[in-house]
Amino acid sequence: MSEREQLYIYNSLSGKKELFEPIHQNFVGLYVCGPTVYNYVHLGNCRTFISFDLVFRYLKHLGYKVRYVRNITDAGHLENDAEEGEDKISKKARLEQLEPMEVVQHYTIDFHKVLEQFNNLPPNIEPTATGHIIEQIEMIQQIMQKGLAYEVNGSVYFDVPKYNASADYGELSGRKIEELMAGSRELDGQSEKKSPLDFALWKNAKPEHIMKWPSPWGMGFPGWHLECSAMSTKYLGEQFDIHGGGMDLKFPHHECEIAQGHAATGVKPVKYWMHANMLTLNGKKMSKSTGNTLLPAELFSGENSVLEKPYDPIIVRFFIMQAHYRSTLDFSSDALSAAEKGFHRLMQAVAMLPELPVANDTTFDVNGLIKRFYSAMNDDFNSPILIAHLFEAVKYLNDIKDGKLFITQADLTLLSKEIKAFVFDVLGLQLPEKQTSSNEAEIEGMMDLILNLRQKARENKDWSTSDEIRDKLAELGITLKDSKDGAKWTKN
Ligand code: AMP
Ligand code: ZN
């Protein structure tokens, strides 16, 4: 497909849009940092995962065979993303008097449920940090063999200044090592680290620490940055195509991932780095630590102080798609209500497709329109521009219905196929869950009609038709009860 050759991706590493050329023809390796499962995911987290679902879906639509790996962080992520302190999961387990794995299980199940509600496709592999301790130990050993990590008191640290002597620590985040040094706390003489910039690959576990594993350096646990390097290498290779995550993970998490992979294998691990921008609430980053959050469950139920009414997950997905993934997006009642109107207008037009009249000629440029759908997505997954072109299509479809524009059967078939592919497969939209209640309304309407026809038959003393209707409905599990106010029906 020629469209495929023209996909451009904004690479955070170069700061430019680059032509996407996968390392292995037709295959794409995609790794996205998953959640730390110690709490319910908030809408900000969901935005990032929905953004990468769009990337996954479009790559698949272009015909690539994509292996999408998204981890579950169930160990090693310390409080405040710091180098010292308590493990986020252990802390929750201690506070709630649970096993750490009970915490992990509870929030992993919730995470899956929420992403399914948003109609996200599951990744192909969802590895956990605790399931890959051996791989992490092996990677640390590789880095130590290169002389780029050192052990102190049962912990192992990555030697940032030594790595930087022949590489560029800071290449992703644009930070300079001198500035980082100047900005870092002077070592107080108590720290085991040679440099304040060094980060832990393995931490010695104190006796009270619950989550710990044996290693060549004693009982301990892996560093947060290391798990992503170990799991992405295991499933996607030493070098793979796309690594994604939220913007806030660029430094230090992703910077450290580059350093670890590069140190261990001698090659830079990732070809295209992609970073999704933040969802804000009242202009401030949505964040667990500040409490400025809105949870998906609060949004769907309407039990929150931000929005005037509940919203269906698919409307929220559409709202998210209306912003480019690299722009910030602010969550508000007005914006969501506008998205809801737009969503219904788009869906009505899609539903109208099979009923449109056809003509001998087409009086607008169908191929040009379809090309614009692809151009939008090929320009760094620009979903808001794609949606603008879909609304352009909605206008044409309404004009066809009103007899102002014409389309041939062949063009209508082609246009319908492409519109549906972009709306359902690429944007991942679907009819809202509430649609079931409108199905119920349809059934009510049809039953009224049937009962009226039966009533007419009875008035004409056509008992056989009346009985036939009653018996056929009974076969479908619908029971009729005649009364003086007419017949009533119930479904078994
Ligand atoms: P965490 O569980 O905190 O490691 O976050 C999971 C993912 O959500 C990461 O990719 C974060 O960058 C992303 N994330 C966190 N807060 C926000 C936000 N307000 N908007 C968008 N993405 C976010
Ligand atoms: Zn990660």
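Source: prediction; values computed, not measured. Order of appearance sets the numbers: ligands from 1, and atoms from 1 within every ligand.
- Each of the atoms 2 (O) of ligand 1 lies under 4.0 Å from some heavy atom of Lys288.
- Between His106 and Tyr40, the gap from one ring centroid to the other is short of 6.0 Å.
- The distance between the ring centers of His254 and His225 does not fall below 6.0 angstrom.
- The side-chain heavy atoms of Ser155 and Trp217, taken from C-beta on, include no pair separated by under 4.5 Å.
- The pair Asp159-Lys194 meets the salt-bridge criterion, with a side-chain N (NZ, NE, NH1 or NH2) lying under 4.0 Å from an Asp/Glu carboxylate O.
- At under 3.5 Å, not a single nitrogen or oxygen of His77, backbone or side chain, sits near a nitrogen or oxygen of ligand 1.
- Heavy-atom contacts of Asn277 reach the following atoms of ligand 1: 21 (C) (cutoff under 4.0 Å).
- Near Pro35, meaning under 4.0 Å from any of its heavy atoms, are these atoms of ligand 1: 2 (O).
- With ligand atoms numbered from 1 in the order given, ligand 1 contributes 10 (O), 12 (O) to contacts under 4.0 Å with heavy atoms of Gly246.
- Under a 4.0 Å criterion applied to the non-hydrogen atoms of Thr36, ligand 1 contributes the atoms 2 (O), 4 (O).
- Backbone and side-chain nitrogen or oxygen atoms of Gly44 are examined, and one is located within less than 3.5 angstrom of a nitrogen or oxygen of ligand 1.
- Salt bridge Asp87/Lys203: absent, no basic N to carboxylate O contact under 4.0 Å.
- At least one test fails for Arg67 against the ring of Tyr235: distance under 6.0 Å to the centre or angle within 45° of the axis.
- With Leu121 as the fixed residue, the side chain to side chain contact (heavy atoms under 4.5 Å, CB included) test singles out one of Asp425, Leu115, Val66, Asp53: Asp53.
- The protein heavy-atom contact nearest to atom 6 (C) of ligand 1 is Asn45 ND2, 3.6 Å.
- For atom 9 (C) of ligand 1, the nearest protein heavy atom (residue, atom name, distance) is Leu249 CD1, 3.7 Å.
- Lys16 forms no cation-pi arrangement with Tyr10, by the criterion of a distance under 6.0 Å to the ring centre and an angle within 45° of the ring axis.
- What sits closest to atom 12 (O) of ligand 1 on the protein, heavy atoms only, is Asp248 OD1, 2.3 Å.
- Within the listing of ligand 1, atoms 16 (N), 19 (N) sit less than 4.0 angstrom from a heavy atom of Lys285.
- In summary, the atoms of ligand 1 found under 4.0 Å from a heavy atom of His42, numbered by their order in the structure, are 16 (N), 17 (C).
- Distances below 4.0 Å separate heavy atoms of Thr48 from the following atoms of ligand 1: 10 (O), 13 (C), 21 (C), 22 (N), 23 (C).
- For Phe422 and Tyr374, the gap between ring centers is short of 6.0 Å.
- Angle NE2(His253) to the Zn ion (ligand 2) to SG(Cys33): 120° [nearest 10 degrees].
- At a heavy-atom distance under 4.0 Å, no atom of Val32 approaches ligand 1.
- Salt bridge status for Glu255 with Arg175: absent, with no side-chain N to carboxylate O gap under 4.0 Å.
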